[in-house]
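In what follows, a single structure is set out as structure tokens and then discussed.
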Amino acid sequence: MTATSMLDNALANFDQTARLLKKEFPADLLTKMRDPKERIELRISPEFSDGKSHTLRAFVVNHNRALGPCKGGIRMTGSVTLDEVTALAMEMTWKCALIGVPFGGGKSGIVADPATLNPHDKETLIRSFTRNAQRHIHPLVYIPAPDMGTNEQDMGYIKDAITYSRGQATTQGCYVTGKPVILGGIPGRREATGRGVATTVAAAFQTLGRQLQGATAVVQGFGNVGSVAAAALAELGVKIVGVSDVHGAIYSKTGLDFPALAAHVRQHRTVTGFPGATKLTGTKLLTVPCDILVPAATGNQITEQNAPRIQARVVAEGANGPTTPAADRILEKRGVFVIPDILCNAGGVFVSYLEYTQETQQEQMTETEVRTRLTGRMQEKFALVHQTARSRRLSMREAAMVLAVRNVALALQARGSLP
Ligand code: NAD
């Protein structure tokens, strides 16, 4: 995957949607939404435990703020680029607009491989990023969250770095979501994206008139989204037959023993080596027989090359941008039901919004309330996208994009023309 192609794919998706909306909105209004408002490139120089200062690149992109402050996670990988972060910020604009939260789209990137950092150096890096990006992080401007390579603990460091720099114990309003619950995070945020994925899979099966109980699933990526999606699907009676992470894949026709697998991953920090499972390459895993395929790792995994061989009936995009536009056309022709990323993985940003409102209003929400609201919102938006797809004869992705881009266009119109 090249990062440029992720941006190309995001732009191609937008351009196709703009064509579908050209009778509803003037061309100049649609053009206004194509490019990001701000692309910020930072140099940060944290001093690691080797006593040396390491100069690294980081990015903050605010794509569009017609609906509200920009929202989007921090991706930390060795290969993340400004174009990749731009593509992801753009996707966040559409995701927030579709799921119905008053946020625009943003994203950050830190160019570092977290697997090579010890916990102390990772904390130093997150604090260094926060210090350098602090003037871009604000409840009314840009609110970060976890993404690939960052987690709940890192969001705790961000909150601490901001409050520490001001000599205060807490912040007025929400500067970061996905924090530990003890620091003002919301119960159920860590599980929200994966649970939301499972809710959309259940809705898709209902739509298709198929039984979820006993269906088989393959999950690519076993981090926050993948592991929780797999657990939530297993709770719904789905047999998880294959999983992968960056180190490799495992497969068992009869189903993986999920609690034992979770324990194995806790101990070894990888799914590989799980006793009793067959070892496969990550590429091969995507095309094994199964009813549900959940790409929950990174972008551009389902391509023209492997799309003709994918055997799943439902593809649930837990990851952002896992399917290329060319692969999308192949899957559609083959009748594979694709739950597009901006719908499928929107549970995370929806619960981030609950965390934001909880902190703004200095209230507390229970996990039961969070789960009930998450399930309700995912089901409601799934039904809306599906109904739009049917009535306008569009794919699920086209329908989701039409609904999302229309909401942003309506917000821009409602704001009026800015000089
Ligand atoms: P994470 O860092 O917790 O986990 C990523 C997982 O993917 C790890 O298990 C890693 O080993 C694996 N992986 C990486 N490259 C791989 C590859 N080529 N093949 C197989 N496995 C690979 O990240 P996460 O937060 O779970 O995010 C996963 C995806 O979901 C990303 O695309 C992210 O943008 C998207 N997403 C995350 C959230 C969230 O709330 N965390 C919300 C919406 C979307």
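Heavy-atom basis, side chains included; hydrogens, waters and symmetry copies ignored. Just so you know, ligand 1 is whichever comes first in the structure, and atom 1 is the first atom listed for that ligand.
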Rounded to the nearest 0.5 Å, how far does CE of M365 lie from OG1 of T372?
11.5 Å
Between CZ of F48 and CG of L125, what distance do you get to the nearest 0.5 Å?
4.5 Å
Which ligand 1 atoms, with their elements, are less than 4.0 angstrom from a heavy-atom of [X]?
| X | result |
| --- | --- |
| V225 | 24 (P), 26 (O), 27 (O), 30 (O), 36 (N), 37 (C), 38 (C), 39 (C), 41 (N) |
| G221 | 7 (O), 12 (C), 21 (N) |
| R189 | 40 (O) |
| S244 | 20 (C) |
| Q220 | 19 (N), 20 (C) |
| F222 | 6 (C), 9 (O) |

Ligand 1 versus [X]: contacting region, heavy-atom distance under 4.0 Å:
| X | value |
| --- | --- |
| H247 | neither |
| T193 | side chain |
| R190 | neither |
| A296 | backbone |

Salt bridge or not between [X] and [Y]? Use side-chain N to carboxylate O under 4.0 Å.
| X | Y | answer |
| --- | --- | --- |
| R34 | D15 | yes |
| E317 | R397 | yes |
| E398 | R19 | no |
| E367 | R195 | yes |
| E359 | K179 | yes |

Would you mind checking which non-hydrogen protein atom is closest to atom 2 (O) of ligand 1, with the distance to 0.1 Å?
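Heavy-atom neighbour on the protein nearest atom 2 (O) of ligand 1: G149 N, 3.0 Å.
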Taking atom 21 (N) of ligand 1 as the reference point, the nearest protein heavy atom with its distance
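Scanning the protein heavy atoms, the shortest distance from atom 21 (N) of ligand 1 goes to D245 C, 3.2 Å.
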Have a look at G348, G223, A319 and point out the one with the heavy atom closest to atom 8 (C) of ligand 1.
G223
Option set C344, A297, G321, criterion heavy-atom distance to atom 31 (C) of ligand 1, minimum:
A297
Could you tell me whether the side chain of M401 reaches within less than 4.5 Å of the side chain of P340, counting heavy atoms only?
no
With the side chain counted from C-beta on, respond yes when L233 and V294 share a heavy-atom pair under 4.5 Å apart, and no when they do not.
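Sidechains of V294 and L233: in contact.
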Applying the ring-ring contact (aromatic ring centres under 6.0 Å, His included) test to H63, which of W94, F103, F14 qualifies?
W94
Looking at ligand 1, does any of its N/O atoms fall within less than 3.5 Å of an N/O of T298?
no
Yes or no: does G282 have any heavy atom under 4.0 Å from an atom of ligand 1?
no
